[in-house]
Every structure is written in structure tokens, then in C-alpha cells.
Novice: 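Can you keep this structure in mind? I'll have questions shortly.
Below, read A as the first sequence line, B as the second, and so on, with proteins coming before strands; counting in each chain starts at 1.
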There are 2 protein chains.
Amino acid sequence: MSQPLLPLLSTAPVERRDAARNRVALLEAAAELMGGCGVEVLTMEAVAAKAGVGKGTVFRRFGSREGLMASLLDHREAEWQAGVISGPAPLGPGAPPMERLLAFGASRLRLHLDQAALIEAAGRTWGENPAVLGFAALHVRILLGELGVTGNLRYLATALIAPLSVPILRQQIGHGSMTEAEVLAGWEELVRRVAPQDGVIT
Amino acid sequence: MSQPLLPLLSTAPVERRDAARNRVALLEAAAELMGGCGVEVLTMEAVAAKAGVGKGTVFRRFGSREGLMASLLDHREAEWQAGVISGPAPLGPGAPPMERLLAFGASRLRLHLDQAALIEAAGRTWGENPAVLGFAALHVRILLGELGVTGNLRYLATALIAPLSVPILRQQIGHGSMTEAEVLAGWEELVRRVAPQDGVIT
DNA sequence: AATGAAAGCGGACCACGGTCCGTTTCAGCC
DNA sequence: GGCTGAAACGGACCGTGGTCCGCTTTCATT
């Protein structure tokens, strides 16, 4: 009974106890190590030592340093996705599409700024994960559809998400000397042009 | 008297001969090493050896591996910027703003795809260089102005450039299975929504 | 030409990401 | 419980990015 009733599609060949124990130990060690400091303290050896395992184990679990960073991001991302799928409006369902879209942008902006260092450290492992960018793109695409926007929604969705990426945000807030509020206002302006509510442009 | 008559603003304290010789030798060595192969062959030690200098010299010149990559990109970027400033239309001056803007997108897209590996290897050193993103943003901003677009042009400009960034392009072309032409068409659609031309051009 | 000082050079050295393989631990089965 | 194969472990090992400091080169001045 410890297994799900429908393991037919289960691609995971059951994780061994020690492996599971070590995974959570490693994640906890990493989180604790990073408390207060930057990501640069997250040395693979340091994490391994803190968790009381060998260095090879860390690589076995997470594949690479980037993989470890991505795993650290997974928790928050999962929470965020849950908020989108079934959380309170306006981020979650129940609000009009445009409100949800704007809430999406604000929420995603916040998330990216909060986790900027980790996201950069995770590199492609995070950025190219379809479960991350793909989810956001799909969500925006659906909202655009609900708004009655016509055209290449797939492209427009990624185009709306692109300016929320960490490098762009740092460029705007760091070098461009914009405030977070100004960036958000700019994004909302962009959204209103892409998805005009008063009559639709072909 | 060997100094310029008005060195007041000169921030470059004159480069020594050997330094200049080594710089070009290193850049040539790097370019030659990369011929045909990927960026991963560009080891700092390999480049140094090929150029016949010590490893320390490479770091002195370029600061880091990312810095070396950025320097390798500089040539192409300078050519491209020259093309925008004074090259033939429609990328250069002379064409209507919308044509120039679309030419900008197509050209930038090409450039980014061509140099994708190098750009990624250069990391922040390239991506956060104001002379790169800043130039493109300023150009787009000016074109938007000429098109009569109102609003926060500074933000809209960066928002139009964001979806042309390498990570987004690879997401679309790699995972999203779009073609380069489809991406370009999508971008043009985005542009037309941000800069609607009331009853003009197709 | 001699000289002095500053800029440049080079390669030994260090830290960290990543690999490898002999050893240990787990879990399913008798 | 004892066996067995497979999965996981651990830490020695390697390559590469990056630093450091004593030595060399350049160049302006005399």
C-alpha cells in the first residue's frame, strides 16, 4: 500500500531508502548553508560535508551543481504553480482573464527577483526545463485565448514572459535604474497592447 | 608630444606594445582554435599556449574566460552596430521606421543564433554590457518614437528585445519546435501590436 | 646610453566542479 | 534469517578557471 494504486505509468523505479534520506538531508543542508549568505557558499563539497555524505553522492542525486540549484528552486516553483492552478484569485482561477494575467506578471516578477541568484546559478538546467517555462507559457497562452486575442498565441505568450526573465530584470533595475514598480507598470502596458480589450486588432 | 593634444578625457593610459601584441595574438589564437569546433575547446591554457604566452597574461588581458568570450564577440557586434548606424537600408538609415524595426529584428535574430554558443559562454560579461543591450534598446526606442508610439518607450524597447535573447530563442526553436522563420514571424506580429500603424503597411 | 619605475609577464599554486570505481547498503526472495 | 543482484555510496583523482608574486620588458627622462 505504500505504492500508488496505478503505478502503470510510473517511470520512477522506486527510490531506495538511503537515497531518499540523503536527498532530503542534502537539500536541507544546502538550504541551511545558504541561509543569509549568497549562493557562492554552496560548494558541492560543503553541502556534502554538511549533510554528512560523500561528494559523489551529491552528484549522483543532482547530476551537477546546476541540478542542485534547480532542485532548490523546485519547491518554490511547485508552490507557485499550485497557486496558479488552484490558489486564490486573482492569481488562481476565479478572476477575469486580464486580472489573472496581470497577477501572473506581478507574481512571476516577484518570484524571479526573489530567487534571482539561485536561478542564475541553476543556468540552463532550470531555464530550459519545460516544466518551468512551458507551464508559464501555457498559462499565459490560455489566458490570452480567454481574452479573445487572435494570432500566434504560442509566440505571444513566450514574448510576454521573456521580459520577466532574470537577465532582463537585472538590466532594467540594475543598469537601467528602474524601480520594481516601474518595471511592473511597463509590463502591464505591454500586456494591454498585446491583448487590447477594447475591440480586437487582427 | 606623443600624446594627443587633448588627452583630458582619455581614460586609456596608453597600451604598451607587448600588451597590444599579445592581445591580438590571443584573439587570433582563440579564433583559430575555435575554427570548426565548439567553444568548449577554448580553454584558457590552450589559448595561452597557442598564442605563445603564459596563462596569467590571458587573465590580465580579459579578466576571465567570460571576458575573453565577450572580446571575441566584440568584433561582430561592432560591425553590426556600424550596420545599424551607417549601413545600407533597411537595417541602416534611409528606410521607414517600421521597415527598419523589422530589419533590426531579423538581423538581431540571425546574429544571436549565429553566435549563440559564444554568447552563452560569455554570460553576464556580455549580456550586461550596456554597450550591447543598451545600444539595441536605444535604437528600438528611437524607432518606436519615429513610429509615433506613445507610452513608456524605454520599457517597450527592452520588452521587444527580450524575446530575441538566446535562451528564449533556444527554447522556441529547440524545445518548442518552431522554425527560425516562425519565430521571426511571431516577433513581427508582436511588433505590430506594440506599434500599431493605423491603416498603414501590411 | 643609462636608469628607474611602472606595466606586463609567466607559471606554480589553489579551489572547485565533475568522474570513476572499489566498497557498502538495500530490498526482494528463498 | 541468509543470499543475491542491483543500486547507492565515498573519496581519491583529474581538468580547468582563477590568483599571486617574483622576474622581465618597455619607455620616458636625462
Side-chain angles (χ1 to χ4, degrees), chain A residues 1-3 7 10-27 29-30 33-34 37-72 118 120-125, chain B residues 1-4 7 10-27 29-30 33-34 37-72 118 120-126:
Chain A
M1 292 300 291
S2 60
Q3 288 294 90
S10 149
T11 59
V14 183
E15 187 178 42
R16 252 170 58 168
R17 279 257 169 87
D18 49 354
R21 233 182 306 126
N22 281 336
R23 155 144 70 243
V24 15
L26 283 167
L27 286 175
L33 265 180
M34 209 178 46
C37 307
V39 287
E40 63 277 1
V41 305
L42 279 191
T43 285
M44 296 304 259
E45 279 181 308
V47 174
K50 182 100 182 176
V53 304
K55 187 172 158 183
T57 303
V58 192
F59 282 93
R60 162 168 286 269
R61 285 295 98 190
F62 304 104
S64 66
R65 188 182 132 99
E66 292 192 349
L68 173 60
M69 303 300 179
S71 289
L72 286 174
L118 223 44
E120 294 230 306
R124 298 191 188 184
T125 308
Chain B
M1 292 303 292
S2 61
Q3 288 292 86
S10 151
T11 59
V14 183
E15 188 178 40
R16 249 170 59 170
R17 280 264 165 84
D18 49 352
R21 233 182 306 127
N22 281 336
R23 155 144 72 242
V24 22
L26 283 167
L27 286 175
L33 264 180
M34 209 178 47
C37 306
V39 288
E40 64 277 359
V41 305
L42 279 190
T43 285
M44 296 304 259
E45 279 182 307
V47 174
K50 182 100 181 174
V53 304
K55 189 173 159 184
T57 302
V58 192
F59 282 92
R60 162 169 286 268
R61 287 292 98 190
F62 304 104
S64 67
R65 189 182 133 98
E66 292 192 349
L68 173 60
M69 303 300 179
S71 289
L72 286 174
L118 223 43
E120 294 230 306
R124 299 192 189 182
T125 308
W126 178 252

Novice: Report yes if a side-chain nitrogen or oxygen of A:Arg21 is closer than 4.0 Å to either non-bridging phosphate oxygen (OP1 or OP2) of C:dC26; otherwise report no.
Specialist: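 So the side chain of A:Arg21 is within the cut-off, an N or O lying under 4.0 Å from OP1 or OP2 of C:dC26.
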Novice: Quickly work out the A:Leu26 CG to D:dA8 P distance and round it to whole Å.
Specialist: 14 Å
Novice: Which of residues 50-66 of chain B sit near DNA chain C, with a heavy atom under 4.0 Å from it?
Specialist: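 Contacts with DNA chain C under 4.0 Å: B:Val53, B:Gly54, B:Lys55, B:Gly56, B:Thr57, B:Arg60, B:Arg61.
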Novice: Does any part of the side chain of A:Met69, heavy atoms only, come nearer than 4.5 Å to the side chain of A:Leu42, both counted from C-beta?
Specialist: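 A side-chain contact under 4.5 Å exists here.
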Novice: Among D:dA6, C:dC9, C:dG17, which nucleotide has an atom closest to any side-chain atom of A:Thr43?
Specialist: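 Selected nucleotide (nearest to the side chain): C:dG17.
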Novice: Tell me which one of A:Leu26, A:Val39, A:Leu27 satisfies side chain to side chain contact (heavy atoms under 4.5 Å, CB included) with A:Leu72.
Specialist: A:Leu27
Novice: One pair to check against side-chain contact (heavy atoms from CB on, under 4.5 Å): B:Val53 and B:Arg61. What are the steps and the verdict?
Specialist: CA-CA 11 Å; B:Val53 304; B:Arg61 287 292 98 190; over 6 Å; no
Novice: Please report, rounded to the nearest Å, how far the C1' atom of C:dC13 is from the CD atom of B:Glu45.
Specialist: 12 Å
Novice: Taking CD from B:Glu15 and C1' from D:dT25, how many angstroms apart are they, rounded to a whole number?
Specialist: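 It is 15 Å, rounded to the nearest whole Å.
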Novice: Enter the distance from A:Arg60:CZ to A:Arg23:CZ here, rounded to the nearest 0.5 Å.
Specialist: 12.5 Å
Novice: What is the distance from CE of A:Met44 to P of D:dG17, rounded to the nearest Å?
Specialist: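 So the two atoms are 18 Å apart, to the nearest Å.
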Novice: Could you tell me whether the phosphate oxygens of C:dG8, OP1 or OP2, come under 4.0 Å of any side-chain nitrogen or oxygen in B:Asn22?
Specialist: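 So the side-chain polar atoms of B:Asn22 never come under 4.0 Å of the phosphate oxygens OP1 or OP2 of C:dG8.
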Novice: Looking at CD of B:Glu66 and CD of B:Glu120, how far apart are the two atoms once the value is rounded to the nearest 0.5 Å?
Specialist: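 One gets 11.0 Å once the value is rounded to the nearest 0.5 Å.
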Novice: Please round to the nearest 0.5 Å and tell me the distance separating atom CE of A:Met44 and atom CZ of A:Arg65.
Specialist: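 Between atom CE of A:Met44 and atom CZ of A:Arg65 there are 8.0 Å.
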Novice: Distance check needed: C:dT24 C1' versus A:Arg17 CZ, whole Å only.
Specialist: 18 Å
Novice: For C:dT25, does the base pair up with any side-chain atom of A:Arg16 as donor and acceptor (N or O, under 3.5 Å, distance only)?
Specialist: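 Yes, the side chain and the base share a sub-3.5 Å donor-acceptor pair.
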